[in-house]
Amino acid sequence: MYLDLRAVNVILFGPPGAGKGTQGQILAARTGLPKVATGDLLRAAVTAGSALGERAESYMNHGLLVPDDVIAELIEEVLGWPEASRGIIMDGFPRTVPQAEAVDRLLAERNCRVDHVLKFEVPEDELVRRLLGRAPEQGRQDDAPKAIQQRLTVYRQETEPLNTYYRDRGVLLEVDGTGSVHEIAERVREAVGT
Ligand code: AMP
């Protein structure tokens, strides 16, 4: 019997509040692949007071992207983790074209590639409502109204171009990100075919 042991690499793509974290967790539980969020790693670095955290903190608090050279190092570290060798679910990265190129290069070095890019589509007023709603429970400084608007602007300007990048490579899967968590999870299952 032939066993397909090739790694599967999935990118969760979409604006802040689109449900990447929630759906990524469900997909991770179903597939056994680890889900890694650069936002979580950066927040942990800020809390730990590491050099990475010090470089990242003010960008994060203002809803701006942390510079690509810092993120590229982080991505290189993450993709080198032993637990990522069977594949990984990337949450919140890549967020710029240079980051996407770094991911492609690092995966190619391991004879892997980006297999699926799940893009969650949610109208902007719904995004703002979700982000404001989760602010009290998560206590994130960047869930303040001004930072939310900034993050959405940054998304449109710097991250949205990845839509074309991945569509051109034939890996983009658009998912309606509205409705219940369960409904969206079912759409994800259909899109990736697992
Ligand atoms: P998130 O939790 O994904 O919303 O990320 C929170 C913040 O961390 C973002 O607003 C950025 O400041 C920073 N961040 C997370 N991931 C990245 C990335 N891939 N590139 C640049 N900045 C990032």
Side-chain angles (χ1 to χ4, degrees), residues 9-28 34-81 84 88-107 114 117-122 124 126-163 165-166 175 177 184:
N9 294 290
V10 181
I11 291 172
L12 307 172
F13 172 43
K20 301 186 293 293
T22 305
Q23 292 301 325
Q25 247 168 10
I26 295 171
L27 186 62
K35 177 186 87 85
V36 180
T38 38
D40 290 345
L41 297 176
L42 291 168
R43 278 185 289 278
V46 170
T47 306
S50 68
L52 171 65
E54 271 175 28
R55 273 204 75 185
E57 186 170 14
S58 77
Y59 295 101
M60 296 173 73
N61 288 344
H62 290 96
L64 299 171
L65 292 186
V66 175
D68 280 336
D69 60 323
V70 178
I71 299 293
E73 262 181 54
L74 195 59
I75 293 176
E76 179 155 14
E77 189 189 318
V78 166
L79 295 182
W81 287 349
I88 183 175
I89 300 169
M90 298 173 235
D91 174 1
F93 74 101
R95 252 170 156 109
T96 63
V97 171
Q99 289 182 26
E101 288 167 350
V103 168
D104 280 347
R105 180 176 45 80
L106 290 160
L107 289 178
V114 171
V117 177
L118 286 165
K119 183 181 184 211
F120 294 93
E121 316 258 19
V122 179
E124 187 151 326
E126 168 80 14
L127 294 172
V128 174
R129 204 144 40 82
R130 289 185 189 178
L131 291 167
L132 287 172
R134 83 181 186 191
E137 63 200 67
Q138 299 204 347
R140 280 176 53 162
Q141 275 206 35
D142 61 352
D143 278 343
K146 209 169 141 203
I148 287 177
Q149 282 309 330
Q150 182 62 47
R151 285 158 67 205
L152 290 171
T153 303
V154 165
Y155 173 78
R156 281 192 296 270
Q157 289 176 349
E158 300 188 53
T159 307
E160 185 89 279
L162 290 180
N163 204 60
Y165 183 93
Y166 287 119
V175 176
I184 303 164

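In this chain, numbering begins with 1 at the start of the sequence shown. Atoms considered below: every heavy atom in the structure, side chains included; atoms not considered: hydrogens, waters and symmetry mates. In listed order, ligands and their atoms are each counted from 1.
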Heavy-atom closest contact (Asp91 atom, Gly21 atom, distance): OD2-CA, 3.4 Å
Pull out every atom of ligand 1 sitting under 4.0 Å from any heavy atom of [X], numbered as shown with elements.
{"X": "Gln99", "value": "18 (C), 19 (N), 20 (N), 21 (C)"}
{"X": "Gly92", "value": "16 (N), 17 (C), 18 (C), 19 (N)"}
{"X": "Phe93", "value": "19 (N)"}
{"X": "Gly39", "value": "2 (O), 5 (O), 15 (C), 16 (N)"}
{"X": "Leu64", "value": "11 (C), 12 (O)"}
{"X": "Arg151", "value": "4 (O)"}
{"X": "Arg140", "value": "1 (P), 2 (O), 4 (O), 6 (C)"}

In terms of ring plane angle, is the pair Phe13 and Tyr166 parallel, tilted or perpendicular, where the classes change at 30° and 60°? perpendicular
Heavy-atom proximity to atom 22 (N) of ligand 1, picking from Asn61, Thr38, Val66, points to Val66
Heavy-atom nearest option to atom 17 (C) of ligand 1, drawn from Arg95, Arg43, Met60, His62: Arg95
Closest to atom 14 (N) of ligand 1 among protein heavy atoms sits Leu42 CD1, 3.5 Å
Taking salt bridge (Lys or Arg N to Asp or Glu O under 4.0 Å) as the test, write out the residues that go with Glu124, two or more places apart. Arg156
The criterion is salt bridge (Lys or Arg N to Asp or Glu O under 4.0 Å); which residues satisfy it with Glu76, sequence neighbours excluded? none
Identify whether the distance between the nearest side-chain nitrogen and carboxylate oxygen of Arg134 and Glu137 falls below 4.0 Å. no
Looking only at distances, can you tell me whether any N or O atom of Ile71, backbone or side chain, sits closer than 3.5 Å to an N or O atom of ligand 1? no
Nearest 0.5 angstrom please: Met60 CE to Leu65 CG, how far? 11.0 Å
For Glu73, look at atom CD and say whether over 12 heavy atoms of other residues, nucleotides or ligands are found less than 6.0 Å away. no
Can you tell me if Thr159 uses its side chain to pair, donor with acceptor, with the backbone of Arg95 under 3.5 Å? yes
